[in-house]
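Read the structure below first, then the notes.
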Amino acid sequence: MAAVDIVQTESPITALPGLGRALVLAGKLGQKSAEDIYRKAQNGRTSFIAELTGSGVVSASDLAHTMSSAFAAPLVDLDAIDTKRLPRGMLDSKICHDYRVVVLSKRNNRLIVATADPSDQQAVEKIKFATQLGVDWVIAEYDKLLKLVEANAKTAAQTMEGIIGIEFEFEEEKSDSATEIQETASSEVDDAPVVKFLHKMLLEAFSMRASDLHFEPYEHNYRVRFRIDGELREIAAPPIAIKEKLASRIKVISRMDISEKRVPQDGKMKLKIGPDRVIDFRVSTLPTLYGEKIVIRILDPSSARLGIDALGYEPEEKERLLKAIDRPYGMILVTGPTGSGKTVSLYTCLNLLNKPGVNIATAEDPCEINLPGVNQVNINEKAGLTFSAALKSFLRQDPDIIMVGEIRDLETADISIKAAQTGHLLLSTLHTNDAPTTLTRMRNMGIAPFNIASSVILITAQRLARRLCPNCKTPVEIPKKALFEAGYGADELEQPWVSYRAVGCSMCNNGYKGRVGLYQVMPISEEIQRIILRDGNALEISEQAQREGVRTLRQAGLHKAKLGLTTLEEVLGVTNE
């Protein structure tokens, strides 16, 4: 009989939520009162803790202290926390609102989360599932926590409304299947949260002067990173469930095949902001183990109209380049890795050459910047429109100047050389480390030394280094031995000049703001032509170029550091000697 009495006594306590049981066992709440509050909360479809604090039976402060002792969890006063410095985007706002929690910080692979009810295992599991991180509870007073959750939700809503309030729309190219694409977009991927999130990311990237956006799916999480001043920074961690709809939305706007997820695709889209402002984006998808990674490059049309002085050429380098593009025929090559500013350099040259009496044609994959007055052709290899096919067509179009996006194979290189030898000025790019190795790369492609020597008139190799923030850069003493080992000559070290280091302030990114170009501008002189004709190597060409006053990329970077435009560490990081 005693056993029956025990069951009857414990059963109501067991039926209570974890918070109620903890309060009863701590002696802060009678069993009957707890049952009445729980029953009232169920009937009113509210939470137990809301009904408990609302009834005044237990104060929010007393509840927090009791929970801190019962669950051995730290107690925090939210009034003492600078809410502006709390991490954003770590946890979905809906979860924060539903479970009344606030993320305070992240430590290694665990989140520090403020709650008033540490017994809520459902909240723990939900947060773990959404973030793939562990949860460490910190106890806060329920009334203060509620205000903070609601304030954060209101701020997020206002931010989203502010974004949506801006007049913008995606411009879609007109085609026979435009209606079909619109129907597909509305029926399959017209998901309001996804659309809002994409718009927000694109506009944030543009306002932060990012060059690329990376949307990356992984097994348990999804992240968005921006490349700002050459460095990738994690910006958001949306729920992983968004990946399929987000990929489909981007692919529809970029005119890609949304049903094809097995092969990489390339596309382009425009974002219209207001009546007279349009931003261009180049889109690339890549199938990965856990979904499609999408990289969106921001193409700023105004960059082509900055002028050659804004690119960072030194006076002698600028003079060599202008002299070369003023020639009636020949080949000018711009080399460097992806993202080194080759396209902007080419378009800056085209902008200088773009005059009413000149016929300019370009073949690109894809066309990145719209330049009025220039006949631009998008390469479409599936349709048979390759670089070589476009070049052959150009030669029947009476061109004066031809720009080829990239010389990738022998056929394209061969036609380019013939165009340069028959009265056309041809500009193109190659992926090589510096100017001298470009000539040996062309030789390895199978081009005869005579054709290289008789067609190429100038090669520019370039890199982009982060520019020091003028607001916070600070002088620093660097030992002469370190400067000498970096590449400075003994005569340069004798002259007094100031080195700077990156500090960081509210106006920059870790001490840097923007980027500056490092250039190796190498005209093909008669002596270099002789080295090419006798099939000389890149080392011989490099030595001859230096005798003629051509700086290496390292020397160009050291000169920029000497001028106080960048740091020695940055120069050593982007160049190789």
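Only heavy atoms go into these numbers, but all of them, side chains included; no hydrogens, no water, no symmetry mates.
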Run the side-chain contact (heavy atoms from CB on, under 4.5 Å) test on Asn221 and Ile240 for me, step by step, so that the C-alpha distance in whole Å, both residues' side-chain angles and the decisive distance to 0.1 Å come before the verdict. CA-CA 5 Å; Asn221 65 299; Ile240 195 167; 5.6 Å; no
Between Glu292 and Arg262, does a side-chain contact (heavy atoms from CB on, under 4.5 Å) hold up when you go through it step by step? CA-CA 9 Å; Glu292 289 179 286; Arg262 299 165 299 174; over 6 Å; no
Do Glu570 and Arg463 pass the salt bridge (Lys or Arg N to Asp or Glu O under 4.0 Å) test, and can you show the C-alpha distance, the side-chain angles, and the key distance before you say yes or no? CA-CA 11 Å; Glu570 183 68 9; Arg463 297 289 188 279; over 6 Å; no
Can you check side-chain contact (heavy atoms from CB on, under 4.5 Å) on Asp434 and Thr335, steps first, answer last? CA-CA 7 Å; Asp434 58 12; Thr335 73; over 6 Å; no
Test side chain to side chain donor-acceptor pair (under 3.5 Å) on Thr115 and Asp117; report intermediate values, then the result. CA-CA 6 Å; Thr115 183; Asp117 183 6; over 6 Å; no
Test side-chain contact (heavy atoms from CB on, under 4.5 Å) on Met331 and Ser416 and set out the steps. CA-CA 8 Å; Met331 182 185 287; Ser416 299; 3.7 Å; yes
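Legend: residues meeting side-chain contact (heavy atoms from CB on, under 4.5 Å) with Arg467, ordered by chain and number and at least two apart, are Val516, Leu565.
At a threshold of 4.5 Å between non-hydrogen side-chain atoms, the residues Tyr222 and Tyr290 do not count as touching. Contact check for Met269 versus Leu202: side-chain heavy atoms found under the 4.5 Å cut-off. When side chains are defined from C-beta on, Met403 counts as touching Tyr347, because their heavy atoms get closer than 4.5 Å. Side chains of Ile296 and Asp212 form no contact here, defined as non-hydrogen atoms less than 4.5 Å apart. Proximity of Lys126 to Tyr99: side-chain heavy atoms (C-beta onward) are separated by under 4.5 Å at one or more points. Leu289 is not listed as a side-chain neighbour of Glu219, based on a closest heavy-atom distance of 4.5 Å or more. For the pair Asn433 and Asn576, the minimum side-chain heavy-atom distance is 4.5 Å or more. Side-chain contact between Leu425 and Asp400 is absent, with no heavy atoms from C-beta onward closer than 4.5 Å.
Across Leu395 and Ala419, no two heavy atoms sit closer than the pair CD2-CB, 3.8 Å. The minimum heavy-atom distance between Phe387 and Ala363, with the atom names listed, is CE2-O, 3.2 Å. Residues Val101 and Val149 come closest through the heavy atom pair O-CG2, 3.7 Å. Across Gln462 and Ser345, no two heavy atoms sit closer than the pair OE1-OG, 2.9 Å.
Within the 3.5 Å criterion, the main-chain N or O of Val521 finds no donor-acceptor partner in the side chain of Thr460. A donor-acceptor pair under 3.5 Å is formed between the side chain of Thr440 and the backbone N or O of Thr437. Between the Thr348 side chain and the Ile308 main chain, no donor and acceptor come within less than 3.5 Å of each other. For Arg107 (side chain) and Arg110 (main-chain N/O), no donor-acceptor pair under 3.5 Å exists by modelled atom type. Of the possible donor and acceptor atoms, none in the side chain of Lys251 sits under 3.5 Å from a partner among the backbone N and O of Gly267.
Salt bridge annotation for Arg515-Asp229: absent, with no cationic side-chain nitrogen under 4.0 angstrom from a carboxylate oxygen. Ion pair Glu231/Arg233 not flagged as a salt bridge, since none of the NZ, NE, NH1 or NH2 atoms sits closer than 4.0 Å to an Asp/Glu carboxylate oxygen. For the pair Arg408 and Glu381, the salt-bridge criterion is met [side-chain N within less than 4.0 Å of a carboxylate O]. With respect to the salt-bridge test (charged N to carboxylate O, under 4.0 angstrom), the residues Asp136 and Lys106 do not qualify. Glu204 has a carboxylate O that lies under 4.0 Å from a charged side-chain N of Lys200, or vice versa, which qualifies the two as a salt bridge. Salt bridge status for Lys243 with Glu216: absent, with no side-chain N to carboxylate O gap under 4.0 Å.
Side-chain contact of Asn375 with Asn359: a donor-acceptor pair under 3.5 Å is present, judged by distance alone. Judged by distance alone, the side chains of Thr412 and Ser388 never bring a donor and an acceptor atom under 3.5 Å apart. Defined by atom type and a distance below 3.5 Å, a donor-acceptor pair is present between the side-chain atoms of Asp257 and Ser259. Tyr512 and Thr566 are not linked by any side-chain donor-acceptor pair at a separation below 3.5 angstrom, with hydrogens and angles left out of the test.
We find the CD1-CE distance between Ile235 and Met201 to be 7.5 Å, quoted to the nearest 0.5 Å. Atom NE2 in His424 sits 13.5 Å away from atom NZ in Lys418 (nearest 0.5 Å).
Screening Ile415, Leu426, Thr362 for a side-chain contact (heavy atoms from CB on, under 4.5 Å) with Ile402, the sole residue that qualifies is Leu426.
Ring centroids of Tyr519 and Tyr313 are separated by less than 6.0 Å, placing the two rings close together.
In this structure, Glu260 places its CD atom where more than 12 heavy-atom neighbours from other residues, nucleotides or ligands lie under 6.0 Å away.
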